[in-house]
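Letters A, B, ... are given to chains in the order of the sequence lines, protein chains preceding strands, and every chain is numbered from 1.
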2 protein chains.
Amino acid sequence: MIREEDLSLVIDLYELAMVQAYWSEGMTETATFSLFFRELPEHRNFMLACGQQRVAEVIENLRFTSEQIEQLEQLNRFRPDFLEWLQDFRFTGSIRAMPEGTPVYPQEPLLEVDAPIAEAQMLESLVMNYVHLETVLASKAVRVKLAAGDRPVIDFGMRRMHGLDAAHRGVRAYRLAGLSGTSNIRAGLDAGLGVSGTMAHSFVQAYPDEMDAFKVYARLYPGTTLLVDTYDTLRAVRRIVDWLQEEPEVEIGAIRLDSGDLAGQAIECRHILDEAGFHDIKILASGGLDEYRIAALREQNVPIDGYGVGTAIGAASDAPSLELAYKLTVYAGEPRMKNSSGKTSWPGAKQVFRESDSDGNHVGDVIAGIDEEFPGTPLLRPLMQQGRLLAGAIGSMEDQEDWAWEQILALPELQRTLDQAPDYSVTISEHLKKLQADTLASVPSG
Amino acid sequence: MIREEDLSLVIDLYELAMVQAYWSEGMTETATFSLFFRELPEHRNFMLACGQQRVAEVIENLRFTSEQIEQLEQLNRFRPDFLEWLQDFRFTGSIRAMPEGTPVYPQEPLLEVDAPIAEAQMLESLVMNYVHLETVLASKAVRVKLAAGDRPVIDFGMRRMHGLDAAHRGVRAYRLAGLSGTSNIRAGLDAGLGVSGTMAHSFVQAYPDEMDAFKVYARLYPGTTLLVDTYDTLRAVRRIVDWLQEEPEVEIGAIRLDSGDLAGQAIECRHILDEAGFHDIKILASGGLDEYRIAALREQNVPIDGYGVGTAIGAASDAPSLELAYKLTVYAGEPRMKNSSGKTSWPGAKQVFRESDSDGNHVGDVIAGIDEEFPGTPLLRPLMQQGRLLAGAIGSMEDQEDWAWEQILALPELQRTLDQAPDYSVTISEHLKKLQADTLASVPSG
């Protein structure tokens, strides 16, 4: 594990090399860097922006310790007077960001940093790592939740998530994406998300008869969930029914199916349970589930009451990365842009306005210059000023969840399906278009 | 960030629930759990086992603090006497594991834990998270390295890796996989891998003329690499040549191309540099590279001297997860297995023998019972006994690298290509087959 105090050296070397260059050249003018992506991954109608607030908390406390300064010294790249400056480093700039849980589209800034250029440059990899991870995970999880509808989805992903930081931060992103619980104790406690979990096949196998395993659990954990697919699923359920009929004081909350033909087994299990009058015992399913399998189960009205989802959300398997970019768009009051590769980018500090119709449904966004006004809700909001988080800028998890789902449910309906939706309307303001043309015409060495 | 001391609650709730059940039932017999996968992901001829030693170090120090015990208390699942027991928890078992950097195939245990069942069960998610991440990342990176041949590959992945723990642990896995450097300072320092990095487009854009940016860097960092594709790549290179001809004392080590037609640009840049006699200035490439693009560049003999690779290795984009399983195979001396889902598994504690021909090339593996003997090198070696890492069981990073590349280079040649190779020969010993048949016949409630 990286220690929290070592976070400041989790940085790409080129950032500190550039910072030293700005510092040694006395280039201290304000820059604006913009965090955005150019294209949606396949299988995504929108991304759910997450991680902006969390990284701002980290930035507020970013410091270089003497131990770290010594380690940097040994790289033989940095001048002693620069390292002295670094030892006193504090971020003094501003951050404007979309609230966590905002659906976001290509070219829209999720976050903008305004700061002396060295400071803004230093944050590049850190900001990207934080926002990338949480946005990628939340954007997958929200699809799973939309597929599951009113049935709860529980995160089982820890074992196949990429490291412990992902498993921890991911759970907060999952909460915003609408998941109902997690198996990961630490992450659930920290994200305020319910922690749940029952038994593994190994537990069933450790007993000479699976009924012994079930009885131990029922005694210890009244209302527990029994994993019934270790040997013969239907036989296990029939034996549970017999046992419950003999011992009516035993409370079983649910059975869990984790392999094989989930639909067929769930229908047969429901039938066995209902015939014996156990209508209240729920059926949970897990094992290789993703949004498509859940949608198929729901379409067939398979009687499954909740889903445990692991790898699909944990690794965001079908789109584990997003081409997020952190680009200089203003320096010393002048718009800046890269123009060599045919990739479109828009210079200048920005605002995004999201317009709704009279029913509150979102009809489209305008990406505009920061000083422009358009109808709709401005999405980039002050989060940090002069290096300090603004009081009240970070709402409670409940507020963030409310915001996220208010936004998600106001999207055009097709955006919320698993099919590829028609593009959501995102237009660029005339001012930005002119700024781009003017900047292209005056590109320094172009 | 999770604090290191909070690691013990980064655990799936069901593990602690099972542990309490074993504890309250007095089930203290020894269990063997085996960590393996059933299938290779698409696009992988082998996986490179990594993370086993790192997680053993974590396990040796796993403790529950009073603060954590209080938090567990609040979940209302655990009995006070169990929590007392947990407060004194130490892992007392043994771990046998493949050395880090061993190529591994389906059904072969990467690691086996022998311990009182509660202790072995407790480790499930932690062991899986550690070994999964590092194995997935190393297995992708080794493909990139094999494609690059003798040209160095540098890790640029931090920004799009899944969290800071992945970005940190990943770099050690990359070192075993043959990468030559990383952009991530903390991770490079800790993995003993060279840290490198130059400049971003933003740095070039911050100056009125890109030549000013280049001159600042050349002065500060003699032998530096210049990023030449911000505006017009060939014009930038021609201007660099003019400048170097005027100021022959300036040292430039390389130019970097990061976008557009890398092959075409590299050829033209090489031509411009060579014509002016700058044969020693190298050309580095980055920007969306993976093993296939690198192989194509190499096949066309494109004059690129080194590769920076980010997202492809950082997220292991084409196979970001592996269906790693941690299964009970023995309890109280009896073989155990799950048999409901048609998934094959093999009961009993195991050893893997890797046989080589007289030239030292690997010809095939045998998965055997732990007490069997076969020709070849036994791959599972004692790593931990009675809860303590064995002295000398973890070699230096150099030893681990040597082992990894000795193993990789002894694989059949087709295994080391990007094409799908014929299956490497892995056979199951007759003893294990009989054990499986016997266990199936006697499955408790089957």
Side-chain angles (χ1 to χ4, degrees), chain A residues 1-2 4 6 9-14 17-18 21 25 71 117 125 128-129 132-133 158-160 162-166 168-169 183 185-186 189 195 197-199 201-203 205-206 208-210 216 220 229-231 259-260 311 315 317 320-321 328 331 336 338-341 443-446, chain B residues 1-2 4 6 9-14 17-18 21 25 71 117 125 128-129 132-133 158-160 162-166 168-169 183 185-186 189 195 197-199 201-203 205-206 208-210 216 220 229-231 259-260 311 315 317 320-321 328 331 336 338-341 443-446:
Chain A
M1 284 296 295
I2 319 161
E4 195 168 351
D6 274 349
L9 285 200
V10 184
I11 186 173
D12 283 329
L13 177 65
Y14 84 161
M18 290 187 276
E25 292 293 299
Q71 292 177 322
I117 191 164
S125 300
M128 290 178 77
N129 184 285
H132 180 271
L133 170 68
M158 178 196 158
R159 57 193 59 200
R160 297 205 188 89
H162 284 198
L164 302 179
D165 185 30
H168 189 248
R169 284 160 50 197
S183 58
I185 298 180
R186 177 80 270 146
L189 289 171
V195 181
T198 59
M199 62 175 63
H201 295 111
S202 52
F203 187 78
Q205 292 168 264
D209 182 327
E210 63 184 329
V216 167
L220 266 174
D229 73 333
T230 305
Y231 306 111
S259 56
T311 310
S317 313
S321 69
L328 179 71
Y331 181 60
R336 300 291 160 123
K338 174 170 180 294
N339 75 334
S340 66
S341 66
V443 151
S445 63
Chain B
M1 283 298 294
I2 319 161
E4 196 167 352
D6 275 349
L9 285 200
V10 183
I11 186 173
D12 283 328
L13 177 64
Y14 85 161
M18 290 186 277
E25 293 293 298
Q71 292 176 323
I117 192 165
S125 299
M128 290 179 77
N129 185 286
H132 180 272
L133 171 69
M158 177 194 159
R159 57 193 59 199
R160 298 204 188 88
H162 284 198
L164 301 179
D165 185 30
H168 189 248
R169 283 160 50 196
S183 59
I185 298 179
R186 177 79 271 145
L189 288 171
V195 181
T198 59
M199 62 175 64
H201 295 111
S202 52
F203 187 77
Q205 292 168 263
D209 183 327
E210 62 184 330
V216 167
L220 267 173
D229 72 334
T230 305
Y231 305 111
S259 56
T311 310
S317 312
S321 69
L328 179 72
Y331 180 61
R336 299 290 160 123
K338 173 171 180 294
N339 77 333
S340 67
S341 67
V443 151
S445 63

Is it the backbone or the side chain of [X] that comes under 4.5 Å from a heavy atom of chain B, or both, or neither?
{"X": "A/His162", "value": "both"}
{"X": "A/Ile117", "value": "side chain"}
{"X": "A/Leu133", "value": "side chain"}

Can you tell me which of [options] forms the most heavy-atom pairs within a distance under 4.5 Å of chain A?
{"options": "B/Leu9, B/Leu328, B/Asn129", "answer": "B/Asn129"}
{"options": "B/Pro320, B/Ala21, B/Ser317", "answer": "B/Pro320"}
{"options": "B/Met128, B/Gln71, B/Met158", "answer": "B/Met158"}

What heavy-atom pair brings A/Met18 and B/Ser202 nearest, and what distance separates the two atoms?
SD-OG, 4.4 Å
Between B/Asp12 and A/Ser183, what is the shortest heavy-atom contact and its length?
OD1-OG, 2.6 Å
Would you please name every residue forming a side chain to side chain donor-acceptor pair (under 3.5 Å) with B/Tyr14, sequence neighbours left out?
A/Arg159, B/Glu124
For B/Thr198, which residues count as a side chain to side chain donor-acceptor pair (under 3.5 Å) partner, sequence neighbours excluded?
none
When you look at A/Arg169 and B/Leu164, which way does the side chain to side chain contact (heavy atoms under 4.5 Å, CB included) test go after all the steps?
CA-CA 10 Å; A/Arg169 284 160 50 197; B/Leu164 301 179; 4.3 Å; yes
With chain B as the partner, which of A/Ser125, A/Ser321, A/Ala17 has the greatest number of non-hydrogen pairs under 4.5 Å?
A/Ala17
